[in-house]
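Worksheet for the structure shown next.
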Amino acid sequence: MNKTYKLQLSKEEMKQYGYQVIDTIVEHFNTENTKHPVAYASREEMDDLFKIEAPKKAANYKDVLDFVTNKVLPNSNIVTHPKSYSFVPGPSNYVSVMADTLATGFNIFSGGWTASPAAAELEIVTMNWLLKLFKFPPIKGGGIFTSGGSMANLTALATARRQVCGDDFSKAIIYLSDQAHSSNIKAIRVLGFKKEQVRIIPTDIAYKIAINKLKNAIAKDRLEGFHPFCIIATAGTTNTGSIDALNDIAKICRAEKLWFHIDGAYGAAAILSKKGSQLLKGIEKADSLTIDPHKWLFQPYEMGCLLVRNHKWLHQTFTEKPEYLRDIEGNTSEINFYDHGIQLTRRFRALKLYMSIKTFGLSAFKKAITYSIDLAEDVENLLFCKIKLF
Ligand SMILES: Cc1ncc(COP(=O)(O)O)c(C=O)c1O
């Protein structure tokens, strides 16, 4: 059979293809600082470059690869660029890029234990590293890797609703500040809450949720017969990096029996630095915590993470037992991550965090985060001096 009818390359072609891809990536890692971090292009320009009907005939694989290298890759922002200030940065690292390549190359199914005991085990192991870092209960605690912070917030709020409200959430009220990330509102909407069930609490002059206003809103809702059930605090708001008063909110949640979710997608990784761990005191009291390794833990997209105080909460929220999965259930210590979140088929995300932490060591991550904070403070001081000069 003519090989162009098969979705395959010869072994030699595969190697050449792969070497060219690796060369392109390595060259990018070593020259990105000299490139322009932002790509500008209109829809018309992109249509002119790329718009075609799906080709019926095969093309030369080298031509396709060259076209992508020369036309697609330069027309994207470089979010790993040291001058990428216009967007939440996406610092990456080469080891994790290669880990993603291996995970994709072997197309490992990271949903159930039986499909890949090693993938499930590495997710457990890396999750335990994160649980320890955030001082969550080591054995009882749990979590799941998601595509990003938005999915982690959605997974958290679905879990909170199931645990606190059960099936009837008609009177449930959720509280978050006017600085909370939009993904939380999106999640609330996806979960079927009405607008009237959401309280957007104003922030104080430091852009932290105003504690008295939060307490008053809860008291008013109770008086009116509603069911306050969850507070979403932010550990690092996207607009200014402000951190809500986590200990105060934890106290309110304990007294009022509310679920305490913290969205730490932007800022929680700062716990690896001395200054950050001071600022994040109280983060360990959350019932659920979103972190986003594809932001400040130097992982390539897509990698978010949800941590919970009790792994059973995830299991109780997401388990479904279709017939075809019953015979691969295994014993309870053999975790099927499809029972801990929304996705059934999942890519092997844990591998990149595992390999990069194992290769560079946690201390390298600590240094990188400490350096980022020092750098931000230097820039702030510089700006402040300039403002004073003028
Ligand atoms: C505080 C916060 N939460 C959630 C998100 C959403 O995360 P993702 O873009 O990974 O879905 C972001 C993204 O910037 C964020 O800053």
Side-chain angles (χ1 to χ4, degrees), residues 144 146-204 207-239 242-246 248-266 282 285-290 304 306-310 313-314 316-320 340-342:
I144 185 159
T146 59
S147 56
S150 304
M151 277 303 288
N153 284 333
L154 176 62
T155 310
L157 298 181
T159 308
R161 190 183 65 182
R162 159 92 359 228
Q163 292 304 315
V164 182
C165 309
D167 289 329
D168 182 9
F169 59 97
S170 54
K171 288 197 179 305
I173 306 286
I174 190 159
Y175 304 82
L176 67 169
S177 89
D178 59 19
Q179 294 299 303
H181 190 263
S182 52
S183 59
N184 293 292
I185 293 291
K186 227 193 238 185
I188 289 166
R189 204 184 310 135
V190 168
L191 289 169
F193 290 98
K194 294 186 199 132
K195 247 166 75 194
E196 302 77 54
Q197 292 178 276
V198 184
R199 302 284 177 266
I200 308 286
I201 309 295
T203 41
D204 59 20
Y207 299 103
K208 295 165 190 268
I209 194 164
I211 294 294
N212 279 339
K213 290 188 175 135
L214 174 64
K215 282 183 178 167
N216 290 343
I218 295 169
K220 185 167 178 280
D221 283 327
R222 287 226 191 271
L223 269 177
E224 290 175 4
F226 290 110
H227 174 208
F229 96 98
C230 175
I231 300 175
I232 302 172
T234 310
T237 57
T238 323
N239 290 335
S242 62
I243 299 169
D244 286 330
L246 303 179
D248 292 346
I249 298 172
K251 240 185 246 165
I252 298 173
C253 286
R254 212 174 308 126
E256 298 276 349
K257 295 197 170 46
L258 267 69
W259 186 278
F260 184 19
H261 176 60
I262 300 180
D263 178 0
Y266 184 86
K285 293 178 183 155
D287 292 305
S288 53
L289 167 66
T290 287
L306 175 70
L307 300 181
V308 287
R309 302 193 69 70
N310 187 338
W313 294 338
L314 294 177
Q316 288 162 359
T317 304
F318 293 104
T319 299
E320 282 299 327
H340 283 214
I342 296 159

- Message: So does G148 get a backbone contact from the side chain of T146, meaning a donor-acceptor N/O pair under 3.5 Å?
- Response: yes
- Straight-line distance of I144 CD1 to M151 CE, nearest 0.5 Å: 9.0 Å
- So, for A158 and T317, which heavy atoms are closest and what is the spacing to 0.1 Å? O-CG2, 3.7 Å
- Message: I'd like to check the side chain to side chain donor-acceptor pair (under 3.5 Å) partners of R189; sequence neighbours left out, ordered by chain and number.
- Response: none
- Might you confirm whether atom CD of E320 has over 12 heavy atoms from other residues, nucleotides or ligands at distances under 6.0 Å? no
- Message: What's the separation between atom CG in L314 and atom CG in L307, rounded to the nearest 0.5 Å?
- Response: 9.5 Å
- Message: Testing the basics here: between L306 and A152, what is the closest heavy-atom pair and its distance to 0.1 Å?
- Response: CD1-O, 3.8 Å
- Query: Do any N or O atoms from the side chain of R161 and from the backbone of L191 form a donor-acceptor pair under 3.5 angstrom?
  - Reply: yes
- Residues at least two apart in sequence or cross-chain that pass salt bridge (charged side-chain N to carboxylate O under 4.0 Å, His left out) with E196, listed by chain then number, are none
- Task: Only counting residues at least two apart or in another chain, list the ones meeting side-chain contact (heavy atoms from CB on, under 4.5 Å) with A233.
- Result: D244, L246, I249, F260, I262
- Item | pair I252-K215: side-chain heavy atoms closer than 4.5 Å | yes
Identify each donor-acceptor pair in which a side-chain atom of residues 165-175 lies under 3.5 Å from a protein atom, sequence neighbours left out, and give them as a table.
residue	atom	partner	partner atom	Å
D167	OD1	R162	NH2	2.7
D168	OD1	S170	N	3.0
D168	OD1	S170	OG	2.7
Y175	OH	D221	OD2	2.6

- Between NE2 on residue H181 and NZ on residue K186, distance to nearest 0.5 Å: 8.0 Å
- Item | Audit row: T159, W259, side-chain contact (heavy atoms from CB on, under 4.5 Å) steps and yes/no | CA-CA 10 Å; T159 308; W259 186 278; 4.1 Å; yes
- Item | Member of T290, N153, T237 meeting the side-chain hydrogen bond (donor to acceptor under 3.5 Å, both in side chains) criterion with D263 | N153
- Task: Find the distance between CD1 (I200) and OG (S177) and round it off to the nearest 0.5 Å.
- Result: 8.0 Å
- Nearest heavy-atom neighbours spanning R254 and K285: NH2-CD, 4.0 Å
- With sequence neighbours excluded, residues passing side chain to side chain donor-acceptor pair (under 3.5 Å) with K213: none
- Identify the heavy atoms of V198 and I188 that sit nearest to each other, and give their distance. CG2-CG2, 3.6 Å
- I would like to know whether V190 and L157 meet side-chain contact (heavy atoms from CB on, under 4.5 Å); could you show each step before the answer? CA-CA 10 Å; V190 168; L157 298 181; over 6 Å; no
- Message: If I compare all heavy atoms of L258 with all of D287, which pair ends up nearest, and what's the gap?
- Response: O-OD2, 3.9 Å
- If every non-hydrogen atom of S288 is compared with every non-hydrogen atom of A156, which pair is closest and at what distance? OG-CB, 3.8 Å
- For D248, what residues pass the side-chain contact (heavy atoms from CB on, under 4.5 Å) criterion, not counting sequence neighbours? I211, A245
- Beyond-backbone contact of I218 with I231, side-chain heavy atoms, under 4.5 angstrom: yes
- Item | Rounded distance [0.5 Å steps], CD in Q179 versus OG1 in T238 | 8.5 Å
